[in-house]
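Inspection log for the structure reproduced underneath, given as structure tokens.
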Amino acid sequence: MGCAFVSYFIGNFLKIFFICVILLLSSIGGAFSADLPSIQFEYKDDTSVDLSVLAESSGAGRHYLPLDQERYTALGRGFLIQDASVPLKAGDRYRLMLICGEIFPSGRLQGIQLVVFDERKTPASVIQRIRLGAGEIPEIIVVPDDTDPAVLMFRVIRAGNDTEARVYSVNRVTGRLDEILLIDRLFPDRASLDVTGAMEADGVVKIVSLNPKRDESVDLSEAMDALIDDGIYQPGGYPIDALRNLKLARNGWEDERIYLDGDKIRVDVGLSLVTLSRKQVVDVTAIYEIDDGMNSCKLIDLFFEPFLLYRSN
């Protein structure tokens, strides 16, 4: 089976799997609560999906709260997807709302927005509105928690099964959101990451990172049969010359997550080292840390491991 076909299969499998997970975890009768667990792109050898669950869930409708009450007039017509409270230093609170304008039977949502909403007065008013386009399964993850958020991540599946994420800091004085990080297919160039790889004999991949400075090796020797089947290595354990050099890319479905590590807020960005024909060979995780000012982040580490299909355990 070719690597391109496998990548296509995994992308579509993930999309179905995510939909299935959310349908099982969310409350079908109303909007998502702000403490909905984030969806992680994690795999184990025993990962499986019950096809009967997929069959039952595929036709199930997602139900969101219509914004048809008078207090939501300033938002316009639409639906509430998820919300959280934004505490201010003055002691007041704004409401952070993830909303959309239209919902299609396919699961695609149009007019997705993040809105900072002031409900302290009548009529309520919009403090900030961030327009986020269209996509499927949008969600927000707030850190450290939904009662006292300092940073949040917005995630959505765009057309072509590409996942996109945006990280925002929360200004405790104004209640407004400031974008810190945009994670999409252009991320490696935007982040000025200079990471390359070279496949050598017997499944060894030499990795050189100039920014940040790192030299590492990844051993793919136990997956040599799969590498040969995918047309990356030749029988005998030598790489195909035209595919030997690897470049850093984001294919669009790698992991991205935000979490609290001690007293530090960190963001993991999934990337890939790919051949010139876009075949994935090595998975890369770039680990960022939000600075104390909550308006920027810095790269603190890189982690390399074999691509999912070439891992021995």
If I take atom [atom1] from residue [X] and atom [atom2] from residue [Y], how far apart are they, to the nearest 0.5 angstrom?
| X | Y | atom1 | atom2 | value |
| --- | --- | --- | --- | --- |
| Tyr288 | Lys298 | OH | NZ | 13.0 Å |
| Thr196 | Leu273 | OG1 | CG | 8.0 Å |
| Tyr310 | Glu222 | OH | CD | 15.0 Å |
| Leu299 | Ser209 | CG | OG | 8.0 Å |
| Ile99 | Gln82 | CD1 | CD | 13.0 Å |
| Tyr233 | Ile228 | OH | CD1 | 10.0 Å |

Original post:
Relative to Tyr259, does Arg257 satisfy both conditions: NZ or CZ under 6.0 angstrom from the six-membered ring centre, and within 45 degrees of the ring's axis?
Top reply: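 Yes, Arg257 sits over the ring of Tyr259.
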
**OP:** Can you sort out the partners of Val126 under side chain to side chain contact (heavy atoms under 4.5 Å, CB included), two or more places apart, ordered by chain and number?
**Re:**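 Partners of Val126 under the side chain to side chain contact (heavy atoms under 4.5 Å, CB included) test: Ala74, Leu75, Val115, Phe117, Arg129.
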
Original post:
Arg190: what forms a side chain to side chain contact (heavy atoms under 4.5 Å, CB included) with it, not counting sequence neighbours?
Top reply: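 Applying side chain to side chain contact (heavy atoms under 4.5 Å, CB included) to Arg190 gives Leu182, Asp184, Leu186, Phe187.
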
**OP:** Output, in order, the C-alpha distance, side-chain angles, deciding distance and verdict of salt bridge (Lys or Arg N to Asp or Glu O under 4.0 Å) for Arg214 and Asp301.
**Re:** CA-CA 10 Å; Arg214 293 280 292 277; Asp301 205 357; 2.8 Å; yes

Original post:
Does one side chain, of Ser296 or Asp291, offer a donor that lies under 3.5 Å from an acceptor on the other?
Top reply: yes

**OP:** List the steps and the verdict of side-chain contact (heavy atoms from CB on, under 4.5 Å) for Tyr94 and Leu88.
**Re:** CA-CA 8 Å; Tyr94 287 155; Leu88 305 178; 3.8 Å; yes

Subject >> Working for side-chain contact (heavy atoms from CB on, under 4.5 Å), residues Arg77 and Asp68 >> reply: CA-CA 7 Å; Arg77 293 289 182 177; Asp68 55 3; 3.2 Å; yes

Would you say the side-chain atoms of [X] pair up with the backbone N or O of [Y], donor to acceptor, closer than 3.5 Å?
| X | Y | value |
| --- | --- | --- |
| Glu254 | Gly252 | yes |
| Asn211 | Ser192 | yes |
| Asp261 | Lys264 | no |
| Arg176 | Ile127 | yes |

Run the salt-bridge test on [X] and [Y] with the 4.0 Å N-O cut-off and return the result as yes or no.
| X | Y | answer |
| --- | --- | --- |
| Lys247 | Asp194 | no |
| Arg185 | Asp162 | yes |
| Arg108 | Glu136 | no |
| Glu119 | Arg71 | yes |

Original post:
Hey, which of Ile141, Ile183, Ile137 is the one that makes side chain to side chain contact (heavy atoms under 4.5 Å, CB included) with Arg155?
Top reply: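 Of all the options given, the one that passes is Ile141.
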
**OP:** Kindly work out whether a path of hydrophobic side-chain contacts (I/L/V/M/F/W/Y, heavy atoms less than 4.5 Å apart) joins Leu276 to Leu220.
**Re:** no

**OP:** Look at the side-chain heavy atoms of Ile, Leu, Val, Met, Phe, Trp and Tyr, link any pair under 4.5 Å apart, and say whether Val274 and Leu302 land in one connected group.
**Re:** no

**OP:** Check the pair Met199, Leu246 against side-chain contact (heavy atoms from CB on, under 4.5 Å), reporting the backbone distance first and the verdict last.
**Re:** CA-CA 8 Å; Met199 295 186 295; Leu246 306 177; 4.1 Å; yes

**OP:** Show your reasoning for whether salt bridge (Lys or Arg N to Asp or Glu O under 4.0 Å) applies to Arg93 and Asp148.
**Re:** CA-CA 10 Å; Arg93 286 181 179 270; Asp148 191 30; over 6 Å; no

Subject >> Test log, rule side-chain hydrogen bond (donor to acceptor under 3.5 Å, both in side chains), inputs Thr163 and Arg250 >> reply: CA-CA 10 Å; Thr163 61; Arg250 179 172 166 86; 3.0 Å; yes

**OP:** Output, in order, the C-alpha distance, side-chain angles, deciding distance and verdict of salt bridge (Lys or Arg N to Asp or Glu O under 4.0 Å) for Asp230 and Lys279.
**Re:** CA-CA 9 Å; Asp230 289 343; Lys279 293 184 177 181; over 6 Å; no

**OP:** Might you work through the side-chain contact (heavy atoms from CB on, under 4.5 Å) test for Asp145 and Val142, ending with a clear yes or no?
**Re:** CA-CA 6 Å; Asp145 58 55; Val142 294; 5.7 Å; no

